J.: 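The structure follows.
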Amino acid sequence: MSKRMGYDFIEIEKKWRKYWSVNNTFRAENKSTKPKFYVLDMFPYPSGQGLHVGHPLGYIASDIYSRYKRLKGFNVLHPMGYDAFGLPAEQYAIETGQHPAITTDGNIERYRKQLELLGFSFDWEREVRTCEPGYYKWTQWIFMQLFKSWYNKKTDKAEPIEALVKSFSKSGTSEVEAHSSEAIEFTADEWLAKSEHEKQETLLHYRLAYLSEAFVNWCPELGTVLANEEVKDGLSERGGFPVERRMMKQWLLRITAYADRLLAGLNEIEWSDALREMQKNWIGKSKGASMRFSVEGSEEKIEVFTTRPDTIFGATFMVLAPEHEMVEKICSEDRKEAVDGYVEQTKKRSERERMAEVKQVSGEFTGAFAIHPFSSEKIPIWISDYVLVGYGTGAIMAVPSGDQRDWEFATHFDIPIVAVISNSDPSKGANEDKDGVMINSDFLNGLKIPEAINTIIDRLEKDQIGEARTNYKLRDSVFSRQRYWGEPFPIYYKDGMPYALGENQLPLKLPDVDKYLPTETGDAPLGRAKNWITEDGLPLDLNTMPGWAGSSWYYLRYMDPGNPDALASKEAIDYWQNVDLYIGGAEHATGHLLYVRFWTKFLYDLGIVPFNEPMKKLVNQGMILGPGGEKMSKSKGNVINPDDLVLKYGADTLRMYEMFLGPLEDSKPWDTHGIEGVFKFLNKLWKLYDDVEDSEPDQEALTALHKTIKKVEGDIENMSFNTSISAFMICVNELSQAKCNSKSILTDLAIIISPFAPHIAEELWEKLGHTESISFSTYPDYDEKYLQRATYEYPVSFNGKVRFKIELSVELSAAEIEREVLEHETSKKWLDGNAPKRVIVVPQRIVNIVV
RNA sequence: GCCCGGAUGGUGGAACUGGUAGACACGCAGGACUUAAAAUCCUGUGACCAUUGCGGUCGUGCGGGUUCAAGUCCCGCUCCGGGUACCA
């Protein structure tokens, strides 16, 4: 017992890693008498680089939380897996011919080893890999359900497409209120008269997963399209290659049908304000009106969207996006050359160039005129790239007195400006404020802006030239990629129309190809696969799904990872419900975190999940920067590898040090020097257990322990791990000082530190004579009675400046405290014979004397 | 431009709902142990003045304000980080 051994972290950590693995210590059962708690990390893409010290930060925090919750009596689900489809493995395959599955498997092995080294309490039996057929079968299945569903605005949920077909057969579109690509109307007879091809074509306008010609972000370098959130500053997020706009036939998901629910749900979840704000802006809901303008000498109407229909009388011109389909139709002969030139120029310029020239005003007059619906005046129609095709209707009524961009355009091209709101000065700039009254506005004159908006909308609706409308910035998501390493679409084509495979044909396995490149005819890589056809010989879709497909529902698969009959059993989903705590990076704000909410709401509509939001609480861990404060990257050569540190100090030291660096959510630079302090601390902790005795603990030790229990418990609940490490250091310093060797104190200490430093805690626990893992113990309750002190050292200040301290009994009343303080020698010195003007006594806080 | 954060010693960071600013570490300096080094332990460490002792003045990015009392609250700036970008 008295034999002293050093802290041999290498042996200790090896021993417990093996123990946990052999005994399946962290296996989570899908039913329990204990309350459930689901802690999830954003699963990693297994890159060839391996982990650096920044990656485990969130995993350490979630692991501490998981282990803590177990000690608090919860049945904890804490799984890990891999987001295994993705571009880097495919790029590597293109370069080397190596099948991406092989590269990916190798990378996963490496990740797994690194993760195991850090002692995480994952239930490894639940590991998932999105690239495995057993997993992507269900990704394909969910896609198929989206394809087979439409969004019913009446019930505000997704419903089977058969119901829509039935309604069409019975009463055409008259009874249907759906989210659709475009407003179409037909009768039951017209529907029934449609050919199969026409019917399918029509249904695509309603399906939640649909094929459509759309402007997409095409990346020639990657040979694929990208979603809006995969493009940053006109370059691809992965690889940094230029991206251009191109019209292509693609799969899209009708996420816009869920815009309002995605917005409303933000109020129900415990996510950071910043993150919810980002999603809110991304959805970009704005209220206004749409109205149709006639075009002089033409049957065509141009529809515009505006948030300020009240300023209609200030509309002195109209602008179409250069890509607007009407441009060609309305353009006059004499303007054709100039207009075509401008359109060409816009097409050629990349997104990036367009953004760089934001401030430059450019545009061309089409030679056509719209007719003002109330004044009947002629309004010239221009094109300019400051109007975007993708937003609203791709056309605006320009009100230069009320919109700064319109004002700049009008000023540049010498177009008249009419003020329509009092206190505007059109010679200086636009008045975008929403106060003032209407002027120069016919029947709106004298109205305040909100009244004017209501009045004009009523009038538009009465005249049937417009209506109130809500617009969203959110676009339907392009869901297909012309790549190899992803989920194949469970879709075949007949007569050029897409049909879903039977559910019994899932998974549709990714076929082998000779090369991971597009075909000679420009088809996606799957075009190289032999026999890529159905049993009936019909061609299968050549696209694959984007990286975020598998990650949009993975949290459900962990609940029941091996299930061959469902994405997870109903029992498992009902038991585990949604994620209680989700930890990951903020960079997924408008991508993954929006899609996973979308898919969850869809699965809710299908009755598969009983909740509307996937993650109740979300915490974004900050980034760990290189020692110089820069992002860690291979090219900068400042990557710190956790394996080296584990070798030198052990995983427990690394875990605690990463937490000690600072608040979880902040970004902070890495400084390897500081790790010594934590290492010394663990050595000190180890020494405390050298000569444990079954003796009665003294008051001091009890106070040290109980204040630490209380502090650490509160800190974990607040995710303030850095301060709990400090608390442990203080506690161990105090116990060492007091030469505490009381078994009862050291037992509780081992338990409360075990979430942070699990290996050493298990070893000490065993030294104390226990035979079962410390994870099965119970978090001790602190007792207030050990925290109460008989005296308090009051800081006494004069005019707010602390002059001396006085130790007084906590039992004293405010009056007694005042008397004691004023009688003190130093008080007399500071009063200098004067009577105090006022004395403030805050019991157990402070005394302040105003002189 | 707009929307969010943030700014505290040489460094990372503490400070609960306004109540002892700088906890806990790193670094640095001095000391003990040692033939020596490592490890360990002890002491000091915001700045300035005083140092014989007591002590004093200033201090949380800058300028104002509220209060007995402000790192914390209010008003006006500066700088840094993140998001977003012609969104009608």
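Letters A, B, ... mirror the listed sequences (proteins, then strands); counts begin at 1. Reckoned from all heavy atoms, side chains included, excluding hydrogens, waters and symmetry mates. Keep in mind the model is a prediction, meaning the values are calculated, not measured.
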J.: Mind telling me whether B:G65 is syn or anti, cutoff 90° either side of 0?
T.: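 Classified anti.
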
J.: When the P atoms of B:G10 and B:G59 are considered, how many whole Å apart are they?
T.: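 About 16 Å, rounded to a whole number of Å.
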
J.: Give one of base, sugar-phosphate or nothing for A:R276, where a contact means two heavy atoms less than 4.0 Å apart.
T.: nothing

J.: Over how many whole Å does the gap from A:N620 atom CG to B:C4 atom C1' extend?
T.: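 So the two atoms are 13 Å apart, to the nearest Å.
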
J.: Output the single nucleotide from B:A88, B:G83, B:U20 whose closest atom is nearest the side chain of A:I846.
T.: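 Looking only at heavy atoms from C-beta outward on A:I846, the closest nucleotide is B:U20.
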
J.: In whole angstrom, give me the gap between the P atoms of B:C68 and B:G63.
T.: 23 Å

J.: Of all the nucleotides listed (B:U20, B:C42, B:A88), which has the minimum atom distance to the side chain of A:Q737?
T.: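 The answer is B:C42, which lies nearest to the side chain.
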
J.: Could you give the distance separating B:C54 and B:U45 at their P atoms, to the nearest angstrom?
T.: 13 Å

J.: Output the rounded distance in Å from CG (A:L787) to C1' (B:C16).
T.: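 About 15 Å, once rounded to whole Å.
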
J.: Could you work out, with side-chain hydrogen bond (donor to acceptor under 3.5 Å, both in side chains) as the rule, every residue matching A:K648, not counting sequence neighbours?
T.: none

J.: Using Watson-Crick and G-U wobble pairs whose two distances are both under 3.5 Å, how do you write the pairing of RNA chain B as dot-bracket, with | for links to another strand?
T.: (((((((..(((......[....)))((((((.......))))))((((.....))))..(((((..]....))))))))))))....

J.: To the nearest Å, how far apart are A:D403 CG and B:C86 C1'?
T.: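 The distance from CG of A:D403 to C1' of B:C86 comes to 9 Å, rounded to the nearest Å.
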
J.: Determine the sole option in A:V319, A:T366, A:T346 for which the side chain to side chain contact (heavy atoms under 4.5 Å, CB included) test with A:I383 is passed.
T.: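 Exactly one option meets the side chain to side chain contact (heavy atoms under 4.5 Å, CB included) with A:I383, and it is A:T366.
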
J.: When you measure from the side-chain N and O atoms of A:K801 to the phosphate of B:C58, is any distance below 4.0 Å, counting only OP1 and OP2?
T.: yes

J.: According to the side chain to side chain donor-acceptor pair (under 3.5 Å) rule, which pairs have a member within residues 306-315 of chain A, sequence neighbours left out?
T.: A:R308-A:D310

J.: Is the distance from OP1 or OP2 of B:U17 to the nearest side-chain N or O of A:R845 less than 4.0 Å?
T.: no

J.: Any donor and acceptor pair, going by atom type alone, linking the side chain of A:Q404 with main-chain N or O of A:A430 inside 3.5 Å?
T.: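 Yes, A:Q404 side chain to A:A430 backbone: donor-acceptor pair under 3.5 Å.
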
J.: Of A:Y649, A:F721, A:W670, which is the lone residue that meets ring-ring contact (aromatic ring centres under 6.0 Å, His included) with A:Y657?
T.: A:W670

J.: Are A:F409 and A:F317 close enough that their ring centres sit under 6.0 Å apart?
T.: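 Yes, ring centres under 6.0 Å apart.
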
J.: Show me the protein contacts with nucleotides 23-30 of chain B, counting only N or O atoms at under 3.5 Å.
T.:
{"unit_1": "B:A23", "atom_1": "N1", "unit_2": "A:S726", "atom_2": "OG", "d": "3.4"}
{"unit_1": "B:A25", "atom_1": "OP1", "unit_2": "A:N733", "atom_2": "ND2", "d": "2.7"}
{"unit_1": "B:C26", "atom_1": "OP1", "unit_2": "A:K680", "atom_2": "NZ", "d": "3.2"}

J.: Would you indicate which nucleotide in B:G56, B:U20, B:G12 comes nearest to any side-chain atom of A:K805?
T.: B:U20

J.: Return the polar atom pairs (N/O with N/O) between nucleotides 66-69 of chain B and the protein under 3.5 Å, or none.
T.:
{"unit_1": "B:C68", "atom_1": "OP1", "unit_2": "A:R838", "atom_2": "NH1", "d": "3.2"}
{"unit_1": "B:C68", "atom_1": "O2'", "unit_2": "A:N848", "atom_2": "ND2", "d": "3.1"}
{"unit_1": "B:C68", "atom_1": "O2", "unit_2": "A:N848", "atom_2": "ND2", "d": "2.7"}

J.: Identify which nucleotide among B:A88, B:G12, B:U20 has an atom closest to any side-chain atom of A:S286, counting heavy atoms from C-beta outward.
T.: B:A88

J.: Distance between the P atoms of B:G12 and B:A50, in whole angstroms?
T.: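 My reading of the P atoms in B:G12 and B:A50 gives 31 Å.
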
J.: Say you pick atom C1' in B:A25 and the same atom in B:G9; how far apart are they, in whole Å?
T.: 14 Å

J.: Taking all non-hydrogen atoms of both residues into account, name the closest pair between A:W271 and A:R597 and its distance.
T.: CH2-CD, 3.5 Å

J.: What is the distance, rounded to the nearest whole Å, between atom CG of A:L625 and atom P of B:U11?
T.: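 About 17 Å, once rounded to whole Å.
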
J.: What residue pairs, at least two apart or across chains, pass side chain to side chain donor-acceptor pair (under 3.5 Å) with a residue in residues 725-740 of chain A?
T.: A:K684-A:N733, A:K707-A:E734

J.: Work out how far the C1' atom of B:A23 is from that of B:G31, and round it to whole angstrom.
T.: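 Comparing C1' positions in B:A23 and B:G31 gives a spacing of 25 Å.
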
J.: Less than 4.0 angstrom from a charged side-chain N to a carboxylate O is my criterion; do A:K687 and A:D690 meet it?
T.: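 Salt bridge: no.
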
J.: Within the 3.5 Å criterion, strictly below it, is a donor on A:S286 or A:N471 matched to an acceptor on the partner's side chain?
T.: no

J.: In whole angstrom, give me the gap between the P atoms of B:A29 and B:A15.
T.: 30 Å

J.: Looking only at side-chain atoms of A:V802, point me to the closest of B:A21, B:G13, B:C86.
T.: B:A21

J.: Could you give the distance from CD (A:Q621) to CE (A:M42), rounded to the nearest 0.5 Å?
T.: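 Reported to 0.5 Å precision, the distance equals 7.5 Å.
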
J.: Rounded at 0.5 Å granularity, tell me how far CG in A:D385 sits from CD in A:Q345.
T.: 8.5 Å

J.: Are more than 12 heavy atoms from other residues, nucleotides or ligands located less than 6.0 Å from atom CD of A:E825?
T.: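 Atom CD in A:E825 is not crowded, with 12 or fewer foreign heavy atoms closer than 6.0 Å.
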
J.: Could you say whether A:Y792 or A:W830 is positioned toward the 5' end of RNA chain B, judged by the nucleotide with the nearest heavy atom to each?
T.: A:Y792

J.: Within this structure, what is the NE2-to-C1' distance between A:H588 and B:G82, rounded to whole angstrom?
T.: 15 Å

J.: In whole Å, I'd like the distance from the CG atom of A:N683 to the C1' atom of B:C41.
T.: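 Roughly 14 Å, once rounded to whole Å.
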
J.: Report the residue (A:K687 or A:D406) whose heavy-atom-nearest nucleotide on RNA chain B is the more 5′ of the two.
T.: A:K687

J.: Can you give me the closest heavy-atom contact between A:I381 and A:I302, atom names plus distance?
T.: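 Minimum heavy-atom separation between A:I381 and A:I302: CD1-CD1, 3.8 Å.
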
J.: In whole angstrom, what separates A:K668's NZ from B:C80's P?
T.: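 Result: 23 Å.
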
J.: From CD of A:E277 over to P of B:A85, roughly how many Å is that when rounded to an integer?
T.: 15 Å

J.: Tell me which nucleotide among B:G56, B:G12, B:A85 gets nearest to the side chain of A:L661.
T.: B:G12

J.: Given the C1' atoms of B:A88 and B:G81, what is the spacing between them in whole Å?
T.: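 Rounded to whole Å, the distance is 31 Å.
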
